[in-house]
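Every value quoted in this text rests on a predicted model; they were computed, and no experiment measured them.
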Amino acid sequence: MDDYTIDIITPYTADDIHPGFSVDCVIFSFHKKKLHVLLNKFMSSNLWQLPGGFMLKKEDADQAANRILRTWTGLTDIYLKQFYLFSDPNRVKMNQNRDLSSMGYGGEWLMQRYVSLGYYALVKYNDVKIDPQKSKTTKWYDINQLPSLYSDHENIIQTALKTIKGLLAILPIGQALLPEKFTLSELRKIYEIISDKTLDRRNFQRKVLASGLVIPLNETKESKYNPAVLYSFNKDNDKNINYSTFL
């Protein structure tokens, strides 16, 4: 059994887990003007999946989600929200679980029907340190170039995106995804990806600056061509902003 399998299976036994209940985490980051999601897989499988696991009897759902996120990102203080309970009786392809069970990855408890509580997390790309030993089985993927996914995990990802889109008016998505210093084009790109719209560069810049959300810095981003001004978020004026006005 490989190290990845040990990380996933060893904490769980039929006696320790809450029966029929699992947690799946959609971990988003933003890098090189693309939205990414963190995926992992078993060495012996061709299917990628969301970081997830089972809720222990001693935990509530939020504690389970935070434990799973800490395992895969090393982070303990991130933007994390529940968004949907996935309970379709046919959501899990049992032959996939049967393959895992036959390879020693679990017993009869792995063959049960599970409902899964979805969480989405917004993290800064450079804050996540992937264990080098897991680099072949844990990767960031462009949200528009996903590999073949286990079970209903593509649906979970798309539902998370739809949920975030519906919350753009109140969600501090730029603050959660961007580093301390960023360009306005990077901020605009996040809103374009989530809203699925092309935004006018000048109008977006005017609206963001008028909101007082960002502060220009006396720095520029390194570039061979027209280096862009860097900004940071104005922490004294990032509350009660209607972010939908940027769209």
Side-chain angles (χ1 to χ4, degrees), residues 23-38 60-66 68-70 73-85 117-128 140 143-144 156-221 228-247:
V23 172
D24 285 303
C25 299
V26 188
I27 307 173
F28 291 112
S29 72
F30 183 75
H31 183 59
K32 294 185 176 179
K33 295 191 175 183
K34 294 181 179 180
L35 189 66
H36 292 76
V37 63
L38 190 65
D60 63 28
D62 287 353
Q63 289 171 331
N66 277 287
I68 291 165
L69 284 166
R70 185 170 62 251
T73 68
L75 304 177
T76 58
D77 185 20
I78 62 179
Y79 193 97
L80 174 67
K81 296 291 183 182
Q82 292 182 21
F83 69 96
Y84 197 81
L85 181 67
L117 185 58
Y119 283 79
Y120 67 82
L122 306 176
V123 303
K124 302 181 194 307
Y125 182 87
N126 289 329
D127 285 351
V128 177
W140 289 108
I143 199 67
N144 293 315
I156 295 176
I157 293 171
Q158 295 305 321
T159 303
L161 282 170
K162 184 177 180 180
T163 301
I164 292 172
K165 182 178 180 179
L167 295 173
L168 275 181
I170 59 173
L171 191 65
I173 193 165
Q175 294 92 316
L177 292 177
L178 287 171
E180 181 179 354
K181 301 175 183 180
F182 55 89
T183 66
L184 287 186
S185 65
E186 290 170 330
L187 179 60
R188 186 181 79 251
K189 190 62 178 179
I190 289 175
Y191 280 93
E192 288 184 330
I193 293 171
I194 300 296
S195 67
D196 197 24
K197 295 180 181 179
T198 299
L199 304 177
D200 181 82
R201 178 181 64 83
R202 292 183 179 180
N203 282 340
F204 182 84
Q205 178 172 313
R206 175 178 56 81
K207 292 174 181 178
V208 170
L209 293 178
S211 73
L213 176 65
V214 301
I215 301 172
L217 304 175
N218 190 26
E219 299 179 51
T220 57
K221 188 168 186 176
V229 174
L230 288 171
Y231 292 80
S232 65
F233 288 105
N234 181 1
K235 296 180 181 179
D236 294 330
N237 190 31
D238 63 354
K239 304 292 191 301
N240 300 319
I241 291 178
N242 183 354
Y243 300 100
S244 65
T245 60
F246 301 163
L247 303 177

**Fill in**
On a heavy-atom basis, the closest approach of Ser211 and Ile241 is O-CD1, 4.3 Å
**Request:** Taking the side chain as every heavy atom from C-beta outward, state whether Ile164 and Phe83 have any pair of such atoms under 4.5 Å apart.
**Result:** no
**Asked** Should Val229 and Glu219 count as side-chain neighbours, where that means a heavy-atom distance under 4.5 Å?
**Response** no
**4.5 Å side-chain heavy-atom contact, Lys162 and Gln158** = no
**Prompt:** Rounded to the nearest 0.5 Å, how far does CG of Leu199 lie from CD1 of Ile190?
**Reply:** 12.0 Å
**Item:** Minimal non-hydrogen separation, Gln175 against Leu213, with atom names
**Value:** NE2-CD1, 3.4 Å
**Asked** Where do Leu178 and Lys124 land on the side chain to side chain contact (heavy atoms under 4.5 Å, CB included) test, with the steps shown first?
**Response** CA-CA 6 Å; Leu178 287 171; Lys124 302 181 194 307; 5.6 Å; no
**Request:** Answer yes or no: does atom CG of Asn242 have more than 12 heavy-atom neighbours from other residues, nucleotides or ligands under 6.0 Å?
**Result:** yes
**Message:** Between Lys33 and Glu186, is the salt bridge (charged side-chain N to carboxylate O under 4.0 Å, His left out) condition met? List the steps.
**Reply:** CA-CA 6 Å; Lys33 295 191 175 183; Glu186 290 170 330; over 6 Å; no
**Prompt:** Can you tell me how far the CG atom of Leu184 sits from the CZ atom of Arg206, to the nearest 0.5 Å?
**Reply:** 13.5 Å
**Request:** Would you sort out whether Val123 and Tyr79 count as a side chain to side chain contact (heavy atoms under 4.5 Å, CB included), showing the intermediate values?
**Result:** CA-CA 7 Å; Val123 303; Tyr79 193 97; over 6 Å; no
**Asked** Taking atom types as modelled and ignoring hydrogens, do the side chains of Lys81 and Thr163 form a donor-acceptor contact shorter than 3.5 angstrom?
**Response** no
**Asked** At what distance, to the nearest 0.5 angstrom, does CG of Asn144 lie from CD1 of Ile193?
**Response** 7.0 Å
**Asked** Does the side chain to side chain contact (heavy atoms under 4.5 Å, CB included) test come out yes or no for Ile173 and Phe30, once each step is laid out?
**Response** CA-CA 10 Å; Ile173 193 165; Phe30 183 75; over 6 Å; no
**Message:** In the structure I gave you, are the side-chain heavy atoms of Trp140 and Ile27 within less than 4.5 Å of one another anywhere?
**Reply:** yes
**Fill in**
When every non-hydrogen atom of Val23 is compared with those of Ala61, the smallest separation belongs to CG2-O, 4.4 Å
**Message:** So does Gly212 get a backbone contact from the side chain of Asn237, meaning a donor-acceptor N/O pair under 3.5 Å?
**Reply:** yes
**Item:** Side-chain (Lys221) to main-chain (Ala228) donor-acceptor, under 3.5 angstrom
**Value:** no
**Asked** Would you say Leu247 and Tyr191 make side-chain contact, with heavy atoms under 4.5 Å?
**Response** yes
**Request:** Taking all non-hydrogen atoms of both residues into account, name the closest pair between Leu177 and Ser29 and its distance.
**Result:** CD2-CA, 3.8 Å
**Asked** Do Tyr243 and Ile170 come within less than 4.5 Å of each other through their side chains, counting heavy atoms only?
**Response** no
**Item:** With Tyr119, the side-chain contact (heavy atoms from CB on, under 4.5 Å) member among Asp24, Val26, Asp62
**Value:** Asp62
**Complete:** Heavy atoms of Gly174 and Leu187 approach each other most closely as CA-CD1, 3.9 Å
**Request:** Search all heavy atoms of Lys207 against all heavy atoms of Thr245 and return the closest pair with its distance.
**Result:** CD-O, 2.9 Å
**Within 6.0 Å of OH in Tyr84, more than 12 heavy atoms from elsewhere** = no
**Request:** Walk me through it: do Asn234 and Val214 pass the test side chain to side chain contact (heavy atoms under 4.5 Å, CB included)?
**Result:** CA-CA 5 Å; Asn234 181 1; Val214 301; over 6 Å; no
**Prompt:** With side chains defined as the heavy atoms from C-beta onward, is the minimum distance between Tyr120 and Thr159 less than 4.5 Å?
**Reply:** no
**Asked** Taking side chain as C-beta onward, heavy atoms only, is Arg188 less than 4.5 Å from Phe246?
**Response** no
**Message:** Rounded at 0.5 Å granularity, tell me how far CD1 in Ile68 sits from OG1 in Thr73.
**Reply:** 11.5 Å
**Asked** Nearest 0.5 Å, what's the CD1-CG distance between Ile78 and Leu69?
**Response** 4.5 Å
**Message:** Nearest 0.5 angstrom please: Ser232 OG to Leu217 CG, how far?
**Reply:** 4.5 Å
